[in-house]
Protein chains: 2
Amino acid sequence: MNKQQQRSEETRTRLLKAAETSFAQHGFDATGVAKICQVAGVTKGAFYHHFSSKQEIFLELFRRWLEGLESQMTNLREETVSVPEELLSMSGLIQEVLQAAEDQLPIYLEFWTRAMRDPTVMQALIDPFHRYRDLFSEMISEGISEGTLKKVHPETTAKLILALALGLLIQGLIDPRGDDWQRVTQESLQILLTGLRER
Amino acid sequence: MNKQQQRSEETRTRLLKAAETSFAQHGFDATGVAKICQVAGVTKGAFYHHFSSKQEIFLELFRRWLEGLESQMTNLREETVSVPEELLSMSGLIQEVLQAAEDQLPIYLEFWTRAMRDPTVMQALIDPFHRYRDLFSEMISEGISEGTLKKVHPETTAKLILALALGLLIQGLIDPRGDDWQRVTQESLQILLTGLRER
DNA sequence: ATATACATACCAACCGGTCGGTATTGTATG
DNA sequence: CATACAATACCGACCGGTTGGTATGTATAT
């Protein structure tokens, strides 16, 4: 890699990093491009050299986040054996998501909110989201055919599980240190599995 | 109430109504005070006569929403008999929330996002939220002592149920016409109850 | 007469994005 | 190896437009 390319890439990541924390702290609208540049230690010229608009740097962050999530989920699937076990190990994933971001968790909400207004962002959200759902749906179907799960409707159950994950994440947002969400997730999944498991 | 008060109150509600739809459609930041006034059919003078800032009219809407939710929930509790039945009738409530707002659902997300930045809004959100949780917690405890529910941890289960409700709401936001969320909610609660019910 | 409820005109601040220019690195040529 | 040229990466002053909020005037009810 060139010296130039190297420098370029570094500024780019600095900008992304700066944008991420800024968006997380103050939201998309309240974060000026100038502020992002200041945090990144570059100028507007650099910014608009790398990104064509404020919207675009946001979308870039969004995509990266979704990609990370998806790869985590697929990794998960490969490591486990039975479906119920697989579901239980989900709690670890939720915990990871919660911890990974720490202070900048609100950016996820920002993603969501903006998706509601902007069709481009919405599409970027919906597609992976549906893939997650399908992934869960397949998991359920698998569990049914392997005889570890009751004969429930896979798609509905997938929605149920996703709802649980989303809801716990959001509650974790409100009450970050109030509770051991790892434990709550674990127990919740236990209860859920009691209703799902074939015995 | 005299003629002046009557007029005053009408403008106030018009402003609130206008703000609600505008915030829902375009978000807090993207909605100008001027636009709210235009929709309401009054001028800025009227606006700042009734509300000291844009933030304040937002908070007013927020409080009203939370109050509405809470009263709906307490109503629900009085009408039903056994706890499992009570939980099942929750699905109706979720459905109501989804329908009631229709186009302006995103405003709830707006509430949430702003709460993450603004301590005032956050407090206004957390307090009722904890009350909801306590309400559920009591429901569970009641169910346990009346012998219809297994001996689970009430608070954890309350979080689980709230998570489910929140998650389904959010998925409903993404996919408003994709599915019969009423049915999904119903079935999800069924599955959950299978894991909770004492038999 | 006086307070209330609103209208009008206006401002200072800010913000996303542009643009002409510069500095540094890479490359072709003699 | 030196020179000329080109491409890339970046700078920072600037602009048009918007916005929340204010100052002041006016009409109407009490």
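Heavy-atom basis, side chains included; hydrogens, waters and symmetry copies ignored. Throughout, protein chains are lettered first and strands after them, A, B, ... in sequence-line order, and every chain is numbered starting at 1.
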- Query: Does A:N2 put a side-chain nitrogen or oxygen below 4.0 Å from OP1 or OP2 of D:dT8?
  - Reply: no
- Query: Quick one: does B:S137's side chain have a donor or acceptor within less than 3.5 Å of a partner on B:A158's backbone?
  - Reply: no
- B:F47 CZ to C:dT4 P: how many Å, rounded? 21 Å
- Message: Looking at B:K54, I'd like to know whether one of its side-chain N or O atoms comes within less than 4.0 Å of OP1 or OP2 on D:dG20.
- Response: yes
- Is the phosphate of C:dG16, meaning OP1 or OP2, less than 4.0 Å from a side-chain N or O of A:S53? no
- Message: Strictly below 4.0 Å: does B:S8 bring a side-chain N or O up to OP1 or OP2 of C:dT4?
- Response: no
- Item | Nearest-angstrom distance from the residue atom CD of B:E56 to C1' of D:dG20 | 14 Å
- Would you mind reading off the distance between B:H49 atom NE2 and D:dG20 atom C1', rounded to a whole angstrom? 19 Å
- Message: Measuring from the side chain of A:T43 (C-beta onward, heavy atoms only), which nucleotide among D:dT30, C:dG26, D:dG12 has the closest atom?
- Response: D:dG12
- Query: How many angstroms lie between CG in B:L59 and CZ in B:F51, if you round to the nearest 0.5 Å?
  - Reply: 11.0 Å
- Looking only at C:dG17, C:dT4, D:dC10, the nucleotide nearest the A:T11 side chain is D:dC10
- Query: Rounded to whole angstrom units, what separation is found between the CD atom of A:E10 and the P atom of D:dA9?
  - Reply: 13 Å
- Message: At less than 4.0 Å, is any side-chain N or O atom of A:R7 found next to OP1 or OP2 of C:dT25? Yes or no.
- Response: no
- Atom NZ of A:K35 and atom P of C:dC15: how far apart are they, to the nearest Å? 11 Å
- Assign B:S52 to base, sugar-phosphate, or nothing according to its heavy-atom contacts below 4.0 angstrom with the strands shown. nothing
- Message: As a test of understanding, state which of B:L125, B:T120, B:D29 forms a side-chain contact (heavy atoms from CB on, under 4.5 Å) with B:R114.
- Response: B:D29
- Sugar-phosphate, base or nothing in reach of A:K3, heavy atoms under 4.0 Å: sugar-phosphate
- N-O pairing of B:E155 and B:R133 below 4.0 Å: no
- Quick one: A:K44 NZ to C:dC15 C1', roughly how many Å, whole number? 6 Å
- Before accepting this row, confirm whether a basic side-chain N of the pair A:E67/A:R63 lies closer than 4.0 Å to the acidic partner's carboxylate O. no
- Note on the structure: Residue pair A:Q5/B:R12 against DNA chain C: nearer the 5' end by closest nucleotide is B:R12
- Whole-Å distance, A:F51 CZ to C:dG16 C1', equals 16 Å
- Task: Measure the distance from NE2 on B:H50 to P on D:dG21 and round it to the nearest whole Å.
- Result: 17 Å
